[in-house]
There are 2 protein chains.
Amino acid sequence: MVSGMDDRTTRVLRHIVEDYIATAEPVGSRTISKKMGQSLSPATIRNIMADLEEAGFLAQPHTSAGRVPTGAGFRYYIDHLLARQSLARGEMDQLHRAAGEGNGPADELVRQVSRLLSNLARQASVVVVSSPEQQVLSSVSLMRAGVERILLVTVMRGGWVQHRLIEGEPDLTGDELERFSAYLNELAEGRTLLQLRARILDELGKEKARYDRVMGRALAMSARALTDTAPGEVFIEGRANILEQPEFAEDVHRLKRILRAFEEKSVIFRLLDRAMVSRAIQVSVGLENTVEELPDISVVASGYRQGASSVGSIGLIGPVRMDYSRVIPLVEYAASLLTTMFEDR
Amino acid sequence: MVSGMDDRTTRVLRHIVEDYIATAEPVGSRTISKKMGQSLSPATIRNIMADLEEAGFLAQPHTSAGRVPTGAGFRYYIDHLLARQSLARGEMDQLHRAAGEGNGPADELVRQVSRLLSNLARQASVVVVSSPEQQVLSSVSLMRAGVERILLVTVMRGGWVQHRLIEGEPDLTGDELERFSAYLNELAEGRTLLQLRARILDELGKEKARYDRVMGRALAMSARALTDTAPGEVFIEGRANILEQPEFAEDVHRLKRILRAFEEKSVIFRLLDRAMVSRAIQVSVGLENTVEELPDISVVASGYRQGASSVGSIGLIGPVRMDYSRVIPLVEYAASLLTTMFEDR
DNA sequence: GGTTAGCACTCTGCTTGCCGGAGTGCTAAC
DNA sequence: GTTAGCACTCCGGCAAGCAGAGTGCTAACC
C-alpha cells in the first residue's frame with residue numbers, strides 16, 4: 001500500500017508537507033486544491049487526504065481542522081518526494097570563508113562552520129567529535145604544569161589537541177621531561193593513541209630490565225594518563241534559533257527538555273552517533289530517533305571524515321517540521337567542507 | 001529621605017521583597033500584615049506601602065494589584081536589609097567535591113564548580129576567565145601538528161592551557177623543535193606571557209647577530225604566534241534553569257534575548273567584568289548592569305584570584321527576582337573555593 | 001496623631017454563551 | 001471516478017457577568 005500510492009496521491013502529500021513546513025498550521029483541502037492549480041476540486045483532495053490519513057501519513061488535530069503530516073508522513077516525504085534545493089552560491093561562499101577563518105586548532109574550524117551552519121539554517125547546530133583514540137598522532141609532549149603536576153599533550157593529525165593532567169607525580173627535571181618527550185614522540189610516530197598505549201606497555205617491560213628508573217617511571221605515568229580515555233567533544237551553536245520555531249517557543253516544557261538535553265553530552269552523542277558511522281546524511285524524524293527524552297525533534301546530520309576514517313559528525317537539531325529541502329543540502333555541504341578541510345591537514 | 005526610613009517601614013519593604021521573591025506575585029497589604037504577626041493592620045500597611053511607592057521602591061502593576069518591588073527596591077533590600085542565609089553543610093561539601101573532581105586542567109575544575117553552582121542556585125551560571133596574558137607561565141612547548149603546521153602550547157601556573165596554531169611555516173625537524181622548545185622554556189622561566197613576548201623580541205635582535213638561522217626563524221615565529229592574543233574564555237552552565245523562572249518562561253522575547261546574549265562572549269564579558277576587578281561580590285540589578293540588551297536581568301558575581309592577581313570571575317545570571325539571601329553566599333563560596341583551589345596549583 | 005474599621009471602587013481572571021469561519025464527511029448527481 | 005452541495009463539528013474570538021483581591025479614603029478610636 002505504501003509503495004502502491006499513485007502519483008496524484010503523493011503529489012498531494014508533498015504539497016501538504018511543504019505547506020505545513022512553510023506555515024506550521026494544519027492545511028486544508030481548499031489550500032491544496034488551489035496550490036495544484038485547481039486541477040482537482042477540494043472535495044477530491046479530501047478523498048485523497050482521507051486515504052493518506054488511513055495510511056498513517058496524515059493526522060487531524062481535531063475534527064474540523066486541516067491535516068498535519070505525521071512522522072511517517074515526513075519520513076515518506078524525505079525519502080521519496082523531496083526536491084532538494086541547491087545551495088545558493090553565496091551560502092557556499094560564506095561556509096567556505098567560515099572554514100578559512102577557523103585557522104586555529106581543529107576545534108576552532110569546526111566551531112566556525114557549525115556557527116554559520118546554524119545561522120543559515122536558523123536551527124541549532126551540533127558537532128560531535130568522536131574520541132580521538134583511533135586517530136593517528138602527530139606529536140606528543142610532556143610539560144610541567146606546576147608542582148607535582150605534569151601535562152601530557154597529544155596532537156592528532158587533524159589538528160585536534162588534547163591534554164591530560166597527571167597529578168601527584170614527583171617532579172622530573174626539565175631535562176628529564178624533554179628527554180622523555182622525545183622518546184615518547186619516537187614511540188608515537190605514525191601510531192594511533194591506542195597503539196601508542198600498547199606500545200608503551202610493551203616498552204615498559206623491556207625498560208624495567210634496562211634499569212632506567214626515570215624512563216620507567218615516565219612510561220608508567222604516561223600509560224596511566226592514556227588509560228582514562230577522553231570521551232570526545234560536543235559543540236552546540238545557535239541554541240537561540242530554537243526559539244525561532246513556533247513549536248518550541250510556545251511549549252515551555254518541550255523547550256526545557258531540549259535545553260536540558262543540550263547540557264548532556266551523552267544525549268547529544270546518542271542523537272548523532274548513527275550519522276557518525278554512516279557515510280550518507282542521516283535524517284531522524286521524531287520518534288525514530290534513539291533518545292527517549294526527545295521524541296518530537298528531528299536531527300539532520302552527516303559524518304565527516306579524515307582520510308578514510310570517520311572522526312565525527314555535524315548536524316542540525318530542530319522540530320520535525322524542518323525545511324528539509326534546504327537543510328539537507330546545507331548539512332551535506334558543511335560536512336563535506338569539513339572533510340576536505342581535514343584532508344590537507 | 002532614603003536613609004531616613006524608619007525601622008517599621010524598612011521591615012515592611014523587606015517582607016514585600018521576600019514574599020515577592022518567593023511567589024513571583026504582586027503582594028498585598030493583607031499578606032504583609034499577617035506575615036508581621038498582625039501587629040499592624042492591613043490599612044496601616046497600606047499607608048506605609050503608599051510611602052514606599054512614593055519613594056520609588058515599589059510599583060503597582062495596576063490599580064488593584066498588590067505591590068511589586070522596583071529595581072531600586074531590590075537594590076535597597078540587597079544593600080541594607082538582606083539577611084544572608086548561611087550555606088548548608090551539604091552544599092559546601094558538594095561544591096568541594098565538585099572542585100575535587102575537576103582534576104583535569106583548570107578549565108575542568110572551573111566547569112565542574114560552575115555546573116554545581118548552577119544546580120544549587122537553580123539559575124544559569126557563568127564563569128569568565130580573563131585573558132591569560134598577565135599570568136605566569138609554567139612551561140611552553142612547540143609541537144608538530146601536521147605538514148607546515150606547528151602548535152605552540154603554553155601552560156600557565158594555574159593550570160590553564162592554551163594552544164595557537166602556526167601555519168605555513170616550513171617544517172622544522174623534530175630535533176630542532178625540541179631544541180627550540182627547551183630554549184623557549186628557559187626564556188619563559190617565571191615570566192608572564194607578555195614578558196615572554198618582550199623577551200623574545202629582545203633575543204631576536206641578538207640571535208640574528210649570531211647567525212643561527214633556525215633559532216632566528218623559530219623566535220620570529222613564536223613572537224608572531226604570541227602576538228594575536230587569545231581573548232579569554234567563557235563557560236556557561238545550566239542554561240535550562242532559566243526556564244525555571246516564570247518571568248522568562250512566559251516571555252519568549254526576553255528568553256530569546258538572553259539566550260542570544262549567552263552566545264556572544266563579549267556580552268558576557270561586559271556583564272561580569274565589574275566583578276572581575278573588584279574583590280567583593282557584585283550584584284547588578286536590572287537596569288544597573290552595563291549591557292543595554294539585557295536591562296531586566298540580575299547578575300551576582302564574584303572574582304576569583306590566583307595568588308594576588310584576579311584571573312576571572314564566577315557568577316549567576318537570572319531574573320531580578322532572585323533569592324539573593326541564598327544566592328549571594330553561594331556565589332561567594334564558589335569564588336573563594338576557586339581561589340583556594342588555584343592557590344596550591 | 002497615629003492607627004484602624006468600614007466601605008466604595010477598581011481591576012483581573014475565570015467562566016459562560018454566542019457567533020463566524022474553516023474544514024470535514026457524506027450523499028447524490030454528473 | 002469526480003464533484004457540487006449540505007449538514008455537521010470544532011476552534012477562536014468576543015462580550016458579559018461574577019467572584020476575588022486589593023486599594024484609597026473617611027471617620028471613628030485610643
Side-chain angles (χ1 to χ4, degrees), chain A residues 4-13 15-17 19-20 22-70 73 246-247 250-251, chain B residues 4-13 15-20 22-70 73 246-247 249-251:
Chain A
M5 286 200 295
D6 65 0
D7 179 56
R8 208 182 56 175
T9 313
T10 59
R11 267 176 59 221
V12 170
L13 177 57
H15 278 106
I16 293 176
V17 173
D19 193 86
Y20 182 67
T23 64
E25 303 272 294
V27 349
S29 52
R30 221 182 124 76
T31 319
I32 297 302
S33 169
K34 270 189 196 158
K35 255 208 173 130
M36 295 176 68
Q38 256 133 352
S39 57
L40 292 175
S41 80
T44 313
I45 303 288
R46 282 203 288 281
N47 289 329
I48 301 174
M49 280 172 152
D51 293 347
L52 283 168
E53 185 166 357
E54 214 175 335
F57 293 137
L58 298 180
Q60 262 182 310
H62 58 85
T63 337
S64 84
R67 253 78 168 203
V68 164
T70 60
E247 33 268 273
E250 274 149 29
D251 185 346
Chain B
M5 285 198 297
D6 66 359
D7 180 57
R8 208 184 54 175
T9 313
T10 59
R11 267 177 56 224
V12 170
L13 177 57
H15 278 106
I16 292 175
V17 173
E18 282 170 4
D19 193 88
Y20 182 66
T23 64
E25 303 272 295
V27 349
S29 53
R30 217 182 129 75
T31 318
I32 296 303
S33 169
K34 269 190 197 156
K35 253 208 173 130
M36 295 174 70
Q38 254 132 354
S39 57
L40 292 175
S41 78
T44 314
I45 303 287
R46 282 205 286 280
N47 289 330
I48 302 174
M49 280 173 154
D51 293 347
L52 284 167
E53 184 165 359
E54 215 175 334
F57 293 136
L58 298 180
Q60 262 182 311
H62 59 85
T63 338
S64 84
R67 254 79 168 201
V68 165
T70 60
E247 32 270 272
E250 274 150 29
D251 185 345

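Sequence lines set the chain letters: A, B, ... in the order given, protein chains first and strands last, and positions in each chain run from 1. Just so it is clear, the structure is predicted and the values come from calculations on it, not from any experiment.
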In whole angstroms, the gap separating C1' of dT26(D) from CZ of Arg46(B) amounts to 12 Å
Heavy-atom nearest pair, Lys35(A) first then Asp19(A), reads NZ-OD1, 2.6 Å
Which of dA22(C), dC26(C), dT3(D) is nearest the side chain of Ser41(A)? It is dT3(D)
Taking a pair to mean Watson-Crick or G-U wobble geometry with both distances below 3.5 Å, dC11(D) pairs with dG20(C)
| Does any N or O in the side chain of Ser33(B) come within less than 3.5 Å of the main-chain N or O of Gln38(B), such that one atom is a donor and the other an acceptor? | no
Result for 5'-nearest mapping on DNA chain C, choosing between Ser64(B) and Ser64(A), is Ser64(B)
Self-check item: Side-chain donor/acceptor contact of Thr63(A) with base of dT9(D) under 3.5 Å
Solution: no
To the nearest angstrom, the CD1-P distance between Ile48(A) and dT24(C) comes to 12 Å
Against the side chain of Thr44(B), the closest entry in dC11(C), dG23(C), dT3(C) is dT3(C)
Taking atom types as they are modelled, is there a donor-acceptor pair under 3.5 Å from the base of dG22(D) to the side chain of Arg30(B)? no
To the nearest angstrom, the CD1-C1' distance between Ile16(B) and dT23(D) comes to 13 Å
Taken to the nearest whole Å, CG/Leu52(A) to C1'/dT24(C) is 15 Å
From CG of Asn47(B) across to C1' of dG22(D) the rounded distance in Å is 14 Å
Taken to the nearest whole Å, CE/Met49(B) to P/dG24(D) is 9 Å
Quick one about Asp6(A) and Thr9(A) (side-chain donor to acceptor, distance below 3.5 Å, no hydrogens or angles considered), yes or no?
yes
Separation of dG1(D) atom P from Asp51(A) atom CG, nearest Å, is 11 Å
dist Thr31(B):OG1 -> Ile45(B):CD1 (nearest 0.5 Å) comes out at 10.0 Å
Of dG24(D), dG22(D), dG25(C), the nucleotide closest to the side chain of Arg67(B) is dG24(D)
Testing dC10(D), dG23(C), dG25(C) for proximity to the side chain of His62(A), the answer is dC10(D)
Considering only heavy side-chain atoms of Ala43(A), the closest of dT3(D), dT4(C), dG22(D) is dT3(D)
Of the listed dT23(D), dC11(D), dT3(C), the closest approach to the Arg8(B) side chain comes from dT3(C)
Checking N1-N3 plus N6-O4 or O6-N4 for Watson-Crick, or N1-O2 and O6-N3 for wobble, each under 3.5 Å, the partner of dA29(C) is dT2(D)
Here the distance between atom P of dG24(D) and atom CD1 of Ile45(B), to the nearest Å, is 13 Å
Which of Leu13(A), Thr70(A), Val68(A) passes side chain to side chain contact (heavy atoms under 4.5 Å, CB included) with Leu58(A)? It is Leu13(A)
